[in-house]
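Here the structure is laid out as structure tokens; the discussion comes afterwards.
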Amino acid sequence: MKMSSDSVSEGKNATDKHGAIWHVVNMIPPGSVASYGQVADLAGLPGRARLVGKCLGNIPDGMQVAWHRVLRSNGYLAFPVNSEQALRQTALLQEENVAVFNNKVKMRDFQWEPDLYTLLYDLEK
DNA sequence: CGCATGACGAGCA
DNA sequence: CTGCTCGCCATGC
């Protein structure tokens, strides 16, 4: 059958991407954090860090996503110091024993490192 | 059409 | 550490 190359094609539409992203984010274990780029990579969207940020800013009402475990690759929270969002994120992180100083987390100590099983199985579902 | 803007990131000076 | 450039791409003007 013929499938017009426009509008369709490319197996992933926006919805699929959002789903993949939220799936990855919700796999980050409590007490660990991941960067936007890391989430993008694990979601099969290399180089799409900004897309991850966009998704986390458009979480459907009611859906539960561990958005607070995602921050910049350099360890800084993605929000301005003392902003409402930064304060809330800091509180949520400290509740799971993730240390936040000066709007920043030490990635060396808290960055999530998925084990092989997670990479081969859990991330595929 | 170009141009600016994002919950971003890596490289370089 | 700071600042600048370029890559990324959806959106809006």
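Residue numbering restarts at 1 for every chain, and letters A, B, ... go by the order of the sequence lines.
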Report the C-alpha distance between A:V25 and A:R69 in whole Å, list the side-chain angles of each, state the deciding distance to 0.1 Å, and finish with yes or no for side-chain contact (heavy atoms from CB on, under 4.5 Å).
CA-CA 8 Å; A:V25 172; A:R69 300 191 187 126; 5.9 Å; no
Please walk me through it: do A:W112 and A:T118 pass side-chain contact (heavy atoms from CB on, under 4.5 Å)?
CA-CA 12 Å; A:W112 179 39; A:T118 300; 4.1 Å; yes
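For the pair A:E84 CD and B:dA7 C1', the interatomic distance rounds to 16 Å; values are reported in whole Å. For A:N58 and B:dC8, the CG to P distance is 13 Å, given to the nearest whole Å. Summarising the geometry, the separation between NE2 on A:H18 and C1' on C:dA10 is reported as 10 Å, rounded to the nearest angstrom. With rounding to whole Å, A:N74 atom CG is found 14 Å from C:dG3 atom P. Regarding A:Q111, its CD atom lies at a distance of 13 Å from the C1' atom of B:dG9, rounded to whole Å. The distance between atom CZ of A:F79 and atom P of B:dA7, rounded to the nearest whole Å, is 8 Å. Across the protein-nucleic acid pair, A:L45 atom CG and C:dA10 atom P stand 11 Å apart, rounded to whole Å. Protein atom OH of A:Y36 is 14 Å distant from nucleotide atom P of B:dA10, rounded to whole Å.
In the hydrophobic clustering of this structure, A:V33 does not group with A:F79; members are Ile, Leu, Val, Met, Phe, Trp, Tyr whose side-chain heavy atoms approach within less than 4.5 Å, directly or through other members.
Where A:K54 and A:G47 meet DNA chain C, the nucleotide closest to each residue was compared, and A:G47 sits on the side nearer the 5' end. Summary of the strand contacts: A:L51 and A:Y76 both lie near DNA chain C, and taking for each the nucleotide with the nearest heavy atom, the more 5' one is attributed to A:Y76.
In terms of modelled atom types and a separation under 3.5 Å, the side chain of A:Q89 and the main chain of A:V70 share a donor-acceptor contact. Panel note: side chain A:N102, backbone A:K104; no donor-acceptor pair is recorded below 3.5 Å.
Residue-level contact check: A:G37 touches the backbone only, with heavy atoms under 4.0 Å from sugar-phosphate atoms and none from bases.
Spacing between B:dA4 and C:dG7 at atom P, rounded to whole Å, works out to 16 Å. When the C1' atom is used for both C:dC6 and B:dT5, the distance is 16 Å, rounded to whole Å. Here the separation of B:dA7 from C:dC4, taken at their C1' atoms, is 22 Å to the nearest Å.
Dashed line: the shortest gap from a side-chain N or O of A:S73 to OP1 or OP2 of B:dG9 is under 4.0 Å. Between A:R72 and B:dC8 there is a side-chain polar atom (N or O) within less than 4.0 angstrom of OP1 or OP2.
Taking every side-chain heavy atom of A:K104 into account, C:dC1 is the closest of B:dC8, B:dA7, C:dC1.
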